[in-house]
Amino acid sequence: MHDFIMPDDSELWDVICDGPFVPMKIVGEGTVMVPKTSKKCNNADRKAIEKNFMAKKILIYGIRPDEYNRISACQSAKEISEALQTFHDGTTQVKQSKIDMITTEYELFKMKEDESI
C-alpha cells in the first residue's frame, strides 16, 4: 500500500493523525478566526485541503467492501482511521476487558488430575 502514496507521505500521515487542514481567516478587529469560504482559498489552501481527500482515498482503497459501511459517514481521514481502529482493536474499555478476561483465564489454568503433560 505504501508504494502508491504520493511523495509527501509524512504530510498525509499528519492529516490522518491530526485531522484535515481548515483554511482560516481573521475577521473583525483581528481577534476572531473563522474558516475561509472556498472562493477565498488560495492555491496553497487548496493543496492542503486536497491532502485530506488523498488520505481518505488511500484509506478507503485499503479496506474490504464489508468495512465500507463502518466508515461511509466519516468526513475526514482522521475519522476513518479512528473508526477502523475502534472496530479492529476495540475501545480502551474493550481492550482492558479482554486483558482482564485472558489474565483470569491464565490464572485459573491448571492441569487436571487425569491429564499429563
Side-chain angles (χ1 to χ4, degrees):
M1 178 177 147
H2 197 68
D3 291 333
F4 78 92
I5 295 177
M6 303 306 147
D8 49 1
D9 292 349
S10 65
E11 291 175 2
L12 293 179
W13 185 247
D14 289 343
V15 168
I16 291 170
C17 293
D18 302 334
F21 170 77
V22 179
M24 304 294 279
K25 68 178 180 176
I26 299 171
V27 295
E29 296 179 18
T31 57
V32 179
M33 298 281 288
V34 296
K36 289 181 183 178
T37 62
S38 59
K39 291 179 182 178
K40 298 286 183 181
C41 289
N42 59 31
N43 284 341
D45 293 336
R46 285 186 183 86
K47 284 184 181 185
I49 291 168
E50 185 66 27
K51 290 185 187 336
N52 183 60
F53 294 111
M54 291 169 55
K56 280 176 58 175
K57 189 170 19 174
I58 290 167
L59 290 172
I60 290 170
Y61 285 163
I63 63 171
R64 297 185 319 257
D66 61 317
E67 292 178 313
Y68 182 77
N69 290 338
R70 297 181 195 286
I71 56 97
S72 61
C74 296
Q75 297 296 312
S76 69
K78 181 178 182 177
E79 289 177 19
I80 292 171
S81 176
E82 289 172 349
L84 291 172
Q85 276 184 317
T86 299
F87 173 69
H88 288 285
D89 296 340
T91 62
T92 304
Q93 238 178 347
V94 171
K95 286 181 193 178
Q96 190 58 50
S97 294
K98 287 179 183 178
I99 291 169
D100 292 344
M101 199 169 68
I102 291 170
T103 301
T104 302
E105 191 176 316
Y106 172 75
E107 289 170 349
L108 296 174
F109 183 77
K110 59 183 171 182
M111 190 168 64
K112 296 178 183 173
E113 288 187 26
D114 61 335
E115 291 181 325
S116 66
I117 297 175

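Residues that satisfy the side-chain contact (heavy atoms from CB on, under 4.5 Å) test with Lys25, not counting sequence neighbours, are Val27, Val34, Lys36. Ala48 is linked by a side-chain contact (heavy atoms from CB on, under 4.5 Å) to Phe21, counting only residues two or more places apart in sequence or in another chain. In this structure, the side-chain contact (heavy atoms from CB on, under 4.5 Å) partners of Asn43, at least two apart in sequence or on a different chain, are Arg46.
No more than 12 heavy atoms of other residues, nucleotides or ligands shown are found within 6.0 angstrom of CD on Glu105. For Phe87, the CZ atom is densely surrounded, since the number of other residues' heavy atoms within 6.0 Å is greater than 12.
Put simply, CD1 on Ile71 and OG on Ser81 are 11.0 Å apart, with the number rounded to the nearest 0.5 Å. The distance from atom NZ of Lys56 to atom CD of Glu79, rounded to the nearest 0.5 Å, is 8.5 Å. If you take CH2 on Trp13 and CD1 on Ile58, they are separated by 11.0 Å, rounding to the nearest 0.5 Å. The OG1 atom of Thr103 lies 10.5 Å from the CG atom of Leu108; values are rounded to the nearest 0.5 Å. Distance check: Ile49 CD1 to Lys47 NZ gives 13.0 Å after rounding to the nearest 0.5 Å. Taking CE of Met54 as the reference point, atom CG of Leu12 lies at 4.5 Å (rounded to 0.5 Å).
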Legend entry - side-chain contact (heavy atoms from CB on, under 4.5 Å) evaluation trace for Ile99 with Gln96: CA-CA 5 Å; Ile99 291 169; Gln96 190 58 50; 4.2 Å; yes

Legend entry - CA sep, side-chain torsions, deciding dist, call: Met24, Val22, side-chain contact (heavy atoms from CB on, under 4.5 Å): CA-CA 6 Å; Met24 304 294 279; Val22 179; 3.9 Å; yes

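Both Tyr68 and Ile16 belong to a common hydrophobic cluster when Ile, Leu, Val, Met, Phe, Trp and Tyr are linked at side-chain heavy-atom distances under 4.5 angstrom.
Across all their heavy atoms, Thr31 and Ile26 have their closest contact at N-CG2, 4.1 Å. Annotation for Lys51 and Glu11: closest pair CE-OE1, 2.6 Å, computed over non-hydrogen atoms. Heavy-atom minimum distance, Val15 versus Ala77: CG1-CB, 4.4 Å.
Between Asp114 and Lys112, none of the side-chain N atoms (NZ, or NE/NH1/NH2) sits under 4.0 Å from a carboxylate O, so this pair counts as no salt bridge.
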